Amino acid sequence: MVPVSGVERVSDVGAWAVVSLFGDVDVHLVARVREVVNELVGEDRVHLVWDMKGVSFMDSAGLGVLVHTMQAVEAREGSVRLAEPSGQVLRLLELTGLDEVIECYPDVASAAGRSAR
């Protein structure tokens, strides 16, 4: 059976580790997202692209794990970028003001195409 929602580290593109999220990024998924992020930070992979093309919904728990990710990587001079966020995710970022602090790109190649800060 294919999981309805999930997260997996799929690849590295240069300095960027790409993490694919799909389905609902909600309270049921955030523990696993946090685990993947913590593993990457532990490996000193602090420039992350969240591939969001498969995300159908994100709630406040998803926003919370996004903020956790931003704090974890920025503490080590890293950054996180979103690739292909849906309209619902973009609206959520706008409502919370996170659209002012996180970079969004149309695809993974664009997100990872610019050098890490």
Side-chain angles (χ1 to χ4, degrees):
M1 186 167 125
V2 176
V4 176
S5 296
V7 58
E8 64 181 331
R9 180 178 178 186
V10 291
S11 63
D12 289 343
V13 179
W16 298 92
V18 179
V19 177
S20 177
L21 294 98
F22 56 92
D24 294 347
V25 181
D26 60 12
V27 69
H28 303 290
L29 186 61
V30 296
R32 179 66 184 129
V33 175
R34 186 181 292 257
E35 186 178 295
V36 169
V37 167
N38 290 342
E39 287 172 11
L40 287 164
V41 171
E43 296 170 10
D44 207 30
R45 299 296 305 188
V46 294
H47 296 289
L48 309 181
V49 173
W50 278 19
D51 182 356
M52 306 276 294
K53 74 175 164 243
V55 172
S56 53
F57 174 78
M58 188 163 140
D59 67 6
S60 60
L63 282 178
V65 78
L66 175 58
V67 170
H68 161 78
T69 300
M70 293 168 62
Q71 291 171 336
V73 298
E74 288 173 0
R76 294 188 173 202
E77 298 183 17
S79 58
V80 61
R81 295 175 175 175
L82 303 184
E84 281 189 69
S86 69
Q88 185 268 327
V89 171
L90 289 171
R91 180 74 177 129
L92 194 57
L93 295 174
E94 289 171 8
L95 287 170
T96 59
L98 285 173
D99 63 320
E100 298 292 326
V101 295
I102 190 155
E103 297 177 61
C104 296
Y105 294 84
D107 54 45
V108 171
S110 298
R114 297 185 183 163
S115 63
R117 290 182 233 157

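Computed from a predicted structure; not experimentally measured.
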Novice: Measuring only between side-chain heavy atoms, which start at C-beta, is Met70 closer than 4.5 Å to Val101?
Specialist: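 Yes. Closest side-chain heavy atoms under 4.5 Å.
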Novice: Compare all side-chain heavy atoms of Asp99 with those of Leu90 and state whether any distance is below 4.5 angstrom.
Specialist: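 Asp99 vs Leu90: side chains apart.
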Novice: If I compare all heavy atoms of Ala112 with all of Val13, which pair ends up nearest, and what's the gap?
Specialist: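 Shortest heavy-atom separation between Ala112 and Val13 comes out as CB-CG1, 3.5 Å.
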Novice: Show, in sequence, the C-alpha distance, side-chain angles and deciding distance for Asp44 and Arg76, and conclude whether the side chain to side chain contact (heavy atoms under 4.5 Å, CB included) test is met.
Specialist: CA-CA 8 Å; Asp44 207 30; Arg76 294 188 173 202; 3.8 Å; yes
Novice: Atom CG of Asp51 and atom CZ of Arg81: how far apart are they, to the nearest 0.5 Å?
Specialist: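 CZ of Arg81 is found 14.5 Å from CG of Asp51.
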Novice: What heavy-atom pair brings Asp12 and Ala17 nearest, and what distance separates the two atoms?
Specialist: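 Taking every non-hydrogen atom into account, OD1-CA, 3.4 Å.
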Novice: Could you grab the distance from atom CG of Asp24 to atom OG of Ser5, nearest 0.5 Å is fine?
Specialist: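 Atom-to-atom, Asp24:CG and Ser5:OG are 4.5 Å apart.
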Novice: Give me the atom names and distance for the closest heavy-atom approach of Val30 to Ala61.
Specialist: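 Reported closest heavy-atom pair: CG1-O, 3.2 Å.
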Novice: With a 4.5 Å heavy-atom cut-off, do Phe22 and Lys53 have their side chains touching?
Specialist: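 Sidechains of Lys53 and Phe22: no contact.
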Novice: Among Leu63, Leu66, Leu98, Asp59, which one satisfies side-chain contact (heavy atoms from CB on, under 4.5 Å) with Leu92?
Specialist: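 The option that passes is Leu63.
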Novice: Find out whether Cys104 and Leu93 are in side-chain contact, i.e. whether some heavy atom of one side chain is under 4.5 Å from a heavy atom of the other.
Specialist: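 They are in contact (side-chain heavy atoms under 4.5 Å apart), so the answer is yes.
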Novice: How far does OG of Ser20 sit from CD of Glu84, to the nearest 0.5 angstrom?
Specialist: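 Taking OG in Ser20 and CD in Glu84, the distance rounds to 10.0 Å.
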Novice: Side chains of Val41 and Thr69: closer than 4.5 Å at any heavy-atom pair?
Specialist: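 No, their side chains stay 4.5 Å or more apart.
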Novice: A side-chain contact here means heavy atoms from C-beta on lying under 4.5 Å apart; do Ile102 and Val80 qualify?
Specialist: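 Ile102 vs Val80: side chains touch.
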Novice: For Val7, which of Val55, Val36, Val37 qualifies under side-chain contact (heavy atoms from CB on, under 4.5 Å)?
Specialist: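 Testing Val7 for a side-chain contact (heavy atoms from CB on, under 4.5 Å) against Val55, Val36, Val37 leaves exactly one candidate, Val36.
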Novice: Would you say Gln88 and Phe57 make side-chain contact, with heavy atoms under 4.5 Å?
Specialist: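 In short, these two side chains touch, coming nearer than 4.5 Å.
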Novice: Once salt bridge (charged side-chain N to carboxylate O under 4.0 Å, His left out) is applied, what residue pairs with a partner in residues 85-98 remain, sequence neighbours excluded?
Specialist: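 Those involving residues 85-98 are Arg91-Glu94.
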Novice: Does Glu43 have any side chain to side chain contact (heavy atoms under 4.5 Å, CB included) partners at least two apart in sequence or in another chain, and if so, which?
Specialist: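 Glu43: side chain to side chain contact (heavy atoms under 4.5 Å, CB included) contacts with Arg9, Leu40, Arg45.
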Novice: Once salt bridge (charged side-chain N to carboxylate O under 4.0 Å, His left out) is applied, do any residues pair with Glu8, and if so which ones, sequence neighbours excluded?
Specialist: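 With sequence neighbours excluded, Glu8 shows a salt bridge (charged side-chain N to carboxylate O under 4.0 Å, His left out) to no residue whatsoever.
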Novice: With Val33 as reference, evaluate Val65, Val19, Asn38 under the side-chain contact (heavy atoms from CB on, under 4.5 Å) test and give the passing residue.
Specialist: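 Single side-chain contact (heavy atoms from CB on, under 4.5 Å) partner of Val33 among Val65, Val19, Asn38: Val65.
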Novice: So, taking the atom named CZ in Arg32 and the one named CG in Leu21, what distance separates them when rounded to the nearest 0.5 Å?
Specialist: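 Nearest 0.5 Å value for the CZ-CG distance: 10.5 Å.
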Novice: Does some side-chain heavy atom of Leu48 sit less than 4.5 Å from a side-chain heavy atom of Val73?
Specialist: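 A side-chain contact under 4.5 Å exists here.
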Novice: Run the numbers on Ser79 and Trp16 for side chain to side chain contact (heavy atoms under 4.5 Å, CB included), then give the verdict.
Specialist: CA-CA 9 Å; Ser79 58; Trp16 298 92; 3.2 Å; yes
Novice: Apply the test side chain to side chain contact (heavy atoms under 4.5 Å, CB included) to residues Val67 and Gln71: give CA-CA distance (whole Å), side-chain angles for both, the deciding distance (0.1 Å), then the verdict.
Specialist: CA-CA 6 Å; Val67 170; Gln71 291 171 336; 3.8 Å; yes
